[in-house]
Each structure stands twice: as C-alpha cells, then as structure tokens.
S.K.: 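Below: one structure in structure tokens.
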Amino acid sequence: MNLTKRILIAMALAVVLGSITQVLLSDDTLNSTLRYLLDDVLANGLFFVIGKIFVASLKVLVVPLVFVSLVCGVCHLKDQSSLGLLSLKTIGLYIITTGLAISLALFLATLFEPGSGVSLQTEASYKAPAETSLKQVFINIFPTNPIAAMAEGKMLQVIVFAVLIGLAIGRAGTAGDRIGATFNDWNEVLMKLVTLLMSLAPYGVFALLFSLFAKQGLGTIGDLAIYMLTVVSALAVHAFVVYPLILKTLTGLSPLTFLKKMRNTQLFAFSTASSNATLPITLRTVEQRLGADNRVASFAVPLGATINMDGTAIMQGVATVFIAQAFALDLALTDYLLVIVTAMLASIGTAGVPGVGLVTLALVLQQVGLPVEGIALIIGVDRILDMIRTAVNVTGDAMVSVTVAHSEGALDKAVFDDAAAGDVKA
Ligand code: ASP
C-alpha cells in the first residue's frame, strides 16, 4: 500500500476513534478506570507523547535543512546575479497569489454573509497581542547573530545568512569548492532523514489526530456553520481552481499531476497545522517529486513557508467580513483594500505555526477599526480550519516554487511527469 493511503487510513481511524473517545469522556457517568485509560493513558499519555515527538522530529530538521540546502542552492548558481531576478519573481508571485486569495475570500464572504444574524454571546474572550511596527518587521529580517537566529528559528534571518554564505562560497575559489561539496553531502544526508521520517508518518499522524480529537471533538459549530463553509469553499476554489490555472497558464504543466504529487505534503500540513514543521516534506516533494532544481527550491520553499500564507489570508478575509457583519458594522471599499494590504503584510515575518493566523487577524481587525474581541467568536472552530488552511499554504508554496523553477529552466520535466519519482517506499 502506498504512503498516501496509509496516512489517510491512519487519519480516518484517528478521527473516528478520537471522536468516540471524546464523546465517552464527556459522559460524567463513565467508569473511572475506563476514563483513566482513555484520557491519562491514551489521549493525554501515549498518543500525546508520540504526536509531540513526531512534530519535534520534523521541526528539528527545519533549520539545518533550510540552511544547508540554501547554501548549496546559492553556491551552485552559475550566475549569482540571477538571484536578484529569482527573488523578485518568487516574492512577486507570492504576493500576487496572496492578493488573489484574500480578494476571493472577501468576495465569497460578502456573497454568503456568514456573520449576519450571529449571536454575540460567547464565553471565550480574546486579547490582542502587542503589535510590531512595519519598520521593525523589515529590520527583523536581517540577523545580528546567526546562531541566535537559528536557535530561535527565525526563518527569514536564517535565509538571509544562508544566502550570504552561499554567495561567498561561490566566489571563494577552491576553498569554496571544498566547502560547497561538504554542504552537498550534508544536504543529501538530511534529505535521507526526511525520507525516513516520512515513512513513519502514519503512526505520527494517528497519534497527533487521535489526541486532538479526543480532547476537543468537533466542537460546537452552531452559528459558525456558514462561516466555516465560506472559508472552506474559498480554500477549495483557491487550491483546486486558482493554483491549477496559474500553473497551467505560466508553465503548461499538468495541474493534476501537481496536485496528486502534493497529497502527502498536504496531509502532513493538515495533521501538524504548521507550514514550518511541514517544510522538510514540502522541500523534498518540490525537488524530488516535482523535479524543481535545488537552486530554486531551496530558496523559494523556505521563503514561502514564512511569507506566503494564502490559506491564512483567506481565513482572515472571511473572518473580517464575518466579524463586521456580526457586530453590524459596515466596511467601505477602502476598508476592503486595507484588509487586503494588511493581511498580506501580516503574513510576512510571522512563521507558519499553528494558530498564528488568528494572532495576525487581530492586526487586520485593528487596521479597519473592527473589535478585536470578535476573534473570540471564531476561536472555537479555528483549529480545524487551521489544519485545512495550512494544507493550502504549503500547496501555494510548492506551486510558486515549481512555476519559478520552470521559468528559470530549473525544472526537470521528466521527474515531474514520472508518477513514481521520489516516492517514499512504505
Ligand atoms: N498554521 C498556519 C501555517 O502554519 C498558519 C495559520 O494560519 O495559523 O501555515
């Protein structure tokens, strides 16, 4: 059985068994031994631990892999000056896709009116985090201490440092050749580790989802059904219509093949709700399954995992309209534009980790003068939406990376077309 099927079966089992556990646990008359077994031993014990270890082993690869792979990519650029154009294209496409994503979300949200008639009674409350100024966001891209940047997982800083080292290696003659070769070897070793980890995914995914669903079940959806439906529809249109159209128009490549090969990566993103933790898998998929050369992928993928969050932007667009409608406040056209710009900026400099989209939503709401407490209305269903939008986030990263690689003549069409390329043997 292939890996995708095994992960899917693990997911389905986890959701069903986890939800049954949640229902049992919420019954006050449940036998105490059974409660202990289900809660302390399984959901909060064994599976919680396995899930945490699974995510940790993905995350531990992120910084070394981004650094090594990007140094490799940059030092092998034949023409270093092409890096400028490469970054412009990549960032440009990331911005355009995010802009399209929010516009789509705003359009669907005004059509579906998810917030009209919503009752404002909620027990949850929400406090906005302190805001970082835009100036600071840009200054923060540049590291003062590479080790600190790596230790804190500041991805943009790690990217800047890796690019600088890669550029220097490329210009350092034979010394550069020696170090460059070592980085190449390290890159292969780390990629091997990613492959090994992937083959363990079904167990990790089961553990993660079981303990999640055993604890929170599907939540009370109530008033939020239309909100969720709007977010999910916008995510689906973006992933299955907008991306395929862009890919087909700009590269002529088959969107079906692309989506098929993205499945595993999307499942990782869904289970971990973190584009950052999924980064090693995305990078591997883009290089080994979709055929993008390391010199483009090593730059575009990590950059995307940090600055490109189309799924998140979609949630923010719908949430803004939802909250405005729930509080019966009107948004003017300029507010919509402000939402587009702020949501785009908000995703730059915030790492792709679970739930960060809600935090930056506060920023968006403040910009258009909507009550930040509105976030409390949607917090209850955010986790499941987070999982779905993270899958869209990583799909966007991969689509842009493949498109840029194609335009740079750095895409191996034979690998892209070969269904078995880079497949993980289960
Ligand atoms: N969890 C998302 C990601 O990692 C970010 C978010 O929308 O909260 O891409």
Side-chain angles (χ1 to χ4, degrees), residues 4 7-8 10-12 14-16 18-19 51 55 97-98 100-102 104-106 108-109 112 114 201 205-206 208-210 212-213 215-221 224-244 258-260 262-279 281-282 285 304-305 308-322 343 347 350-361 375 377-399:
T4 313
I7 302 183
L8 279 173
M11 276 173 73
V15 173
V16 173
S19 307
V55 177
T97 50
T98 310
L100 286 174
I102 321 178
L104 174 69
L106 291 175
L108 287 183
F112 290 175
V205 166
F206 178 87
L208 267 180
L209 294 186
F210 181 90
L212 180 73
F213 280 87
K215 267 178 251 166
Q216 64 172 42
L218 283 174
T220 32
I221 294 177
L224 295 172
I226 303 187
Y227 165 72
M228 290 181 78
L229 192 79
T230 315
V231 176
V232 174
S233 321
L235 289 173
V237 173
H238 200 63
F240 299 120
V241 180
V242 177
Y243 287 154
F258 170 79
L259 286 174
K260 244 192 214 155
M262 278 306 291
R263 256 186 238 154
N264 278 340
T265 315
Q266 290 166 335
L267 294 178
F268 268 84
F270 179 84
S271 317
T272 57
S274 164
S275 349
N276 252 18
T278 312
L279 206 160
I281 316 295
T282 320
T285 303
N308 183 55
M309 298 186 194
D310 294 355
T312 305
I314 285 178
M315 176 279 285
Q316 295 179 333
V318 178
T320 311
V321 176
F322 171 83
S347 61
T350 37
V353 294
V356 75
L358 267 199
V359 178
T360 46
L361 174 61
I375 294 180
L377 293 174
I378 52 173
I379 233 169
V381 294
D382 194 63
R383 177 66 197 202
I384 182 85
L385 291 178
D386 192 4
M387 297 162 86
I388 307 175
R389 69 182 180 249
T390 308
V392 175
N393 288 348
V394 301
T395 310
D397 302 341
M399 193 280 291

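Basis for what follows: all heavy atoms, side chains included, without hydrogens, waters or symmetry-related copies. Starting from 1, each residue takes its place in the sequence as its number.
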S.K.: About how many Å separate CZ of Phe213 and CE of Met11, when rounded to the nearest 0.5 Å?
M.R.: 8.0 Å
S.K.: To the nearest 0.5 Å, how far apart are CD1 in Ile378 and CG in Leu358?
M.R.: 5.5 Å
S.K.: Contact between Met315 and Tyr227 at the side-chain level, heavy atoms closer than 4.5 Å - yes or no?
M.R.: yes
S.K.: Under a 4.5 Å cut-off applied to non-hydrogen side-chain atoms, are His238 and Tyr243 in contact?
M.R.: yes
S.K.: Please tell me whether Thr98 and Asn308 have a donor and an acceptor in their side chains that are separated by less than 3.5 angstrom.
M.R.: yes
S.K.: In this structure, which one of Thr312, Ile314, Val318 forms a side chain to side chain contact (heavy atoms under 4.5 Å, CB included) with Gln316?
M.R.: Thr312
S.K.: Are any of the side-chain heavy atoms of Pro114 and Met228 separated by less than 4.5 Å?
M.R.: no
S.K.: Counting only N and O atoms by type, is there a donor-acceptor contact under 3.5 Å from the side chain of Ser274 to the main-chain atoms of Ala277?
M.R.: yes
S.K.: Ignoring hydrogens, what is the shortest heavy-atom contact between Ala269 and Thr278? Give both atom names and the distance.
M.R.: CA-OG1, 3.4 Å
S.K.: Pairing donors with acceptors under 3.5 angstrom, does anything connect the side chains of Thr282 and Asp397?
M.R.: no
S.K.: To the nearest 0.5 Å, what is the distance between CG on Leu235 and CZ on Arg389?
M.R.: 8.5 Å
S.K.: For Ala105 and Ala234, work out which heavy atoms get closest and say how close.
M.R.: CA-CB, 4.3 Å
S.K.: Atom OG of Ser271 and atom CG of Leu208: how far apart are they, to the nearest 0.5 Å?
M.R.: 6.5 Å
S.K.: If you look at every heavy atom in Ala239 and Val392, which pair is closest and at what distance?
M.R.: CB-CG2, 4.3 Å
S.K.: For the atom pair CE (Met387) and OG1 (Thr272), what is the distance rounded to the nearest 0.5 Å?
M.R.: 8.5 Å
S.K.: Might you point out which heavy atoms bring Ala14 and Phe210 nearest each other, and give the distance in Å?
M.R.: CB-N, 3.6 Å
S.K.: Look at the side chain of Asn393 and the backbone N and O of Ser275, then say whether any donor-acceptor pair between them is shorter than 3.5 Å.
M.R.: no
S.K.: Could you check Val321 against Leu106 for side chain to side chain contact (heavy atoms under 4.5 Å, CB included), going step by step and ending with a plain yes or no?
M.R.: CA-CA 7 Å; Val321 176; Leu106 291 175; 3.7 Å; yes
S.K.: Are the side chains of Val205 and Leu267 in touch, meaning some heavy atoms are under 4.5 Å apart?
M.R.: no
S.K.: If every non-hydrogen atom of Thr230 is compared with every non-hydrogen atom of Ile226, which pair is closest and at what distance?
M.R.: OG1-O, 2.5 Å
S.K.: Can you name the closest pair of heavy atoms from Gly355 and Asp386 and give their distance?
M.R.: N-OD2, 2.6 Å
S.K.: Working to the nearest 0.5 Å, report the span between OG1 of Thr390 and CZ of Phe268.
M.R.: 14.5 Å
S.K.: Hey, does Leu377 have a side-chain heavy atom less than 4.5 Å from the side chain of Phe322?
M.R.: yes
